[in-house]
Amino acid sequence: MATSSGSAATALLFQVAAREGVIVASESAYHGTLRQLGEYVPAIGGAVRLVDTTDLDAVRAVLDEAGDAVSLLYVETPANPLMGISDLAGLGELAAGRRIRMACDSTFATPVLQRPHELGTHVVIHSSTKYLGGHGDVMGGALIVRGADDWLDALRSLRGVTGAVPSAFDCWLLQRSLPTLPQRVRAQTATAHTVAGFLQSHESVHEVLYPGLSEHPGHAVAARQMSDFGAMLSFRVTTGRAGALAVAAAAEIFTRATSLGGVESLIEHRASIEGPATRTPDDLLRLSIGLEHGDDLCADLARAFEASDRVS
Ligand SMILES: *Cc1c(COP(=O)(O)O)cnc(C)c1O
């Protein structure tokens, strides 16, 4: 079911789920999703429990405690912007044993690299604003519901009532974009591996958050449930907030902008975007790797680090 944005997709899902019980959700997720769970769902009378979904024991404990009251287990993996990986098969088993629906925001993985429906997920969510559109010119979302499910009727009805439908032009642009999705995602992912390796060896970087790196805490799970590790990564600089902002400002090929998943590489200081309540570290920059050459992107970052050193 196509929606007007990814945020519309999650808002419709949460509204339907909230009518039926408590929503248990990833505490690490897209900032707008966390705002919906923290502000919007309570405002419509729903209840939310946030949990670290990368920790199966923690999820089991919350589900056991909440008992029959839970309607939905909501997970985002890989999760924005710390790249946490949740074990979909493990969570799917927990949900199935309790007759709870599970939903997965699979935007970062795209349908090319991860197939949550095959791992026990009932509803897959994509922000088509990102990789599905892929050119930074579409807004849209998708809710893909597995099998016969009365939630699909409820979601459709609510989409109509609230007007959360995609525009005809956005649908047309999406149809233009979808045939190149697999090639874009594979090329962008290959370049992300190159950039992650470059960052790892750079003296101004103290941590690279990319599930493709063997030292990433979610690497083994990601290797099991994804066919590759995607084109999103974050890294933390040794020079703190000021250094991070200076690097983002000095990059020339990377555009300093929010959003992600397009053919042009983006760099972003997430903490500034997310505001004072954020859990995102101040020294973190997030990269969305596009279709430029990996050597050019690494050279751009090298130059940006040098320029930022001169400033600080
Ligand atoms: C961007 C994003 C959303 C929200 O999608 P919009 O189309 O911008 O409303 C939801 N989840 C994730 C993981 C995202 O990156």
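In this chain, numbering begins with 1 at the start of the sequence shown. Atoms within each ligand, like the ligands themselves, are counted from 1 in listed order.
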* Does L260 come within less than 4.0 Å of ligand 1, judged by its heavy atoms? -> yes

* Structure fact -> Atoms of ligand 1 under 4.0 Å from any heavy atom of S5, numbered from 1 in the order shown, are 7 (O), 9 (O)

* Between S7 and ligand 1, is there a nitrogen or oxygen pair with a distance under 3.5 Å? -> yes

* To do: Verify the distance criterion only: is there a donor paired with an acceptor across the side chains of D283 and H206 at less than 3.5 Å?
  => yes

* Asked: What's the shortest distance from atom 2 (C) of ligand 1 to any protein heavy atom, and which residue and atom give it?
  -> K130 NZ, 2.4 Å

* Which of the numbered atoms in ligand 1 are below 4.0 angstrom from a heavy atom of G140? -> 7 (O)

* Group every Ile, Leu, Val, Met, Phe, Trp and Tyr by side-chain heavy-atom contacts under 4.5 Å, then state whether V41 and L143 land in the same group. => yes

* **Closest protein heavy atom to atom 5 (O) of ligand 1, given as residue, atom name and distance to 0.1 Å** => S127 OG, 3.0 Å

* To do: Could you check whether the rings of F198 and F305 sit parallel, tilted or perpendicular, using 30° and 60° as the cut-offs?
  => tilted

* Look at atom 13 (C) of ligand 1 and find which of D105, T129, T258, N80 reaches it with the closest heavy atom. => D105

* **Where ligand 1 meets E76 - atom numbers and elements under 4.0 angstrom, heavy-atom basis** => 13 (C)

* To do: For S86 and T77, test the side chains for any donor-to-acceptor distance below 3.5 angstrom and give the result as yes or no.
  => no

* To do: Please check if the distance between the ring centroids of Y210 and H193 is under 6.0 Å.
  => yes

* Between T121 and P116, is there a donor-acceptor pair closer than 3.5 Å when you use the side chain of the first and the backbone of the second? -> yes

* **Contact atoms of ligand 1, heavy-atom distance to F108 under 4.0 Å** => 15 (O)

* Side-chain donor or acceptor of S288 paired with backbone N/O of L260 under 3.5 Å -> no

* What protein heavy atom sits nearest atom 4 (C) of ligand 1, and how far away is it? -> Y30 CE2, 3.4 Å

